[in-house]
Amino acid sequence: MFQAFQFDHIEWSSHTMPELIWWDVIADRVSHRFAAKVAEEIGKYFKGRDDRNHWWAFISDYGQLSDEDFEALREHIARSDVLSLVTDSLSDFLDLYPDCPLARLSHSRPTGIVDVGYLSRFENRISELEDKRSRNGVLMQAQAVYLAFVLGRLYVKEGLALADFREVQHYPETEKSEVVGASICAAVNMLAGSSLPKYEDDTWAQYSWRRSLDLRPLDFRQLAKDDERRK
Amino acid sequence: MSDESRFEDLVWVIDAKIRQELRLRCEAYTPDFRMPEVFNVLTALLARQATLAIELAFAPQLWNGHSAPLFLRAMTDVHITLSWILLDPKARARQYIQHGLGQAVLELEHRKKKLESAEEDAKEEMMQIIRANESWINTQMWSFLVEVNVGAWSGKTTREMAEESGILDFYNYVYTPFSQCAHSTWYHVGRYNSGASESSLTRQLWMPRIVESPSDVWNLNLIAKYLDKTFNIFDEKALGCAPSSRIRDWISDEIEARFDSENGKQGSSVSD
């Protein structure tokens, strides 16, 4: 059956999750509500553009913006009074990943100085987000769906789970929020599947994993701890 | 120091040497995140080869014709598998993982079927096993998406894999003979577990037996030889450098330094 449909995988933990991670960084540093405000402003900026290839929820989307476009986006966000908080909330993350396309949100280059405390915190957040059905995982994906609503590119028929989108704030405490959460996950799969570059060609995803390896090199010492084994 | 403790010391040193050689290779190998499976599979197979070598090295009572071939055959299998994957790592590492996951799904389905008819008090424990297995599969790929392939993982025979890898001699002279022991064919059983009866009156009948097969240090040499082969092909094909594993020579030097220097001459057999 899968072959008949030219079935293709898009993997959550290696591909979609790093593309959406910045929403969780903002939520972690400020709040989910603030992340939604950022999504709203970005959505307003891009609304009406004849661009079917980008949803502006994924980090890779921003790698394709020209400098002029980025500057205009910055000015738009600055006018809505969220820019400084966005750049502040992303600064530690951008110091970890200085070549992230979002670094252009700020006029100053990331220092690249790693805050070890933040690195551990970020690592723990990632651990939770590996489960796309975790609370933070679902709320992170909800920002992408919200952006699609604001862009006017996603419409939902009354009565469908996504029509109760706001219920996601209670995820996973209520039965209804679980249904909404599942619909969000499915919708994000569709968004990611239709707009993200293939994993192998995804410059941001590849960079983020390589850089993560630099930040946390694999420790093979456990293979050769003969002295401890001998005791 | 007694011979026994000197010998024990030797095995620990061999263990450390193998682990160190494994570690050096893993550290030297840079993963390509476009295909992380390649790193995962190649380093896992190296670790598997090292494990087999260490486990057998630690068990001199198994260095005999009954048992050593079980390990050595597994080592030849690892070597052929690795050699074949290295010819097309991206596709074959994935194929290797998918087959393994398929086998796990198949086992899972068997367990679920058994659960239906299980006694009530056994169900919870069975469920725990099922959940653990399912979780292991799902961390890699959703179990419902895994294709179950009951054939060989590569779609080829081991002989074909060896031939394509240019190591058919290794298959013919090493893999095949050791397989006789692993599969308990007459080739092996007829030598190690049966023999013509002593009396000419009953010569037609062969007696079951358990042949005395002394522990032979030669098996340590073979362990090191196959480990060298595997490490060296990894050096060549994965690291792109000259083969540099000389564990066999190193072990030989260690034995000479630790035993031969005092005893003058040491036989090839090591007593249990």
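Everything quoted here is computed from the prediction, not taken from an experiment. To find a chain, count down the sequence lines: A is the first, B the second, and so on, and within it residues start at 1.
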>> Distance alone, cut at 3.5 Å: any donor-acceptor contact between the side chains of A:Glu167 and A:Ser177?
In response: no

> So do A:Phe46 and A:Leu65 actually touch side chain to side chain, heavy atoms under 4.5 Å?
Replying inline: yes

>> Applying salt bridge (Lys or Arg N to Asp or Glu O under 4.0 Å), can you list everything that pairs with B:Arg48, at least two apart in sequence or on another chain?
In response: none

> Of all the residues in residues 224-232 of chain B, which have a heavy atom that comes within less than 4.5 Å of a heavy atom in chain A?
Replying inline: none

> Is there side-chain contact between B:Pro36 and B:Pro31, with at least one heavy-atom pair below 4.5 Å?
Replying inline: no

> Does the gap between the ring centers of B:Phe7 and B:Trp63 come in under 6.0 Å?
Replying inline: yes

>> Can you list the residues of residues 90-97 of chain B that sit under 4.5 Å from chain A, counting heavy atoms only?
In response: B:Lys90, B:Arg94

> Any cation-pi pair here, B:Lys17 with B:Trp250, using under 6.0 Å and within 45°?
Replying inline: yes

> Backbone N or O of B:Met35 within a donor-acceptor pair of the A:Glu200 side chain at under 3.5 Å?
Replying inline: no

> Which residue pairs pass the side-chain hydrogen bond (donor to acceptor under 3.5 Å, both in side chains) test when at least one of the two sits in residues 111-124 of chain A, sequence neighbours left out?
Replying inline: A:Asp28-A:Arg121, A:Asp95-A:Thr111, A:Glu123-A:Arg216

>> As a test of understanding, state which of B:Arg111, B:His110, B:Gln103 forms a side chain to side chain donor-acceptor pair (under 3.5 Å) with B:Glu107.
In response: B:Arg111

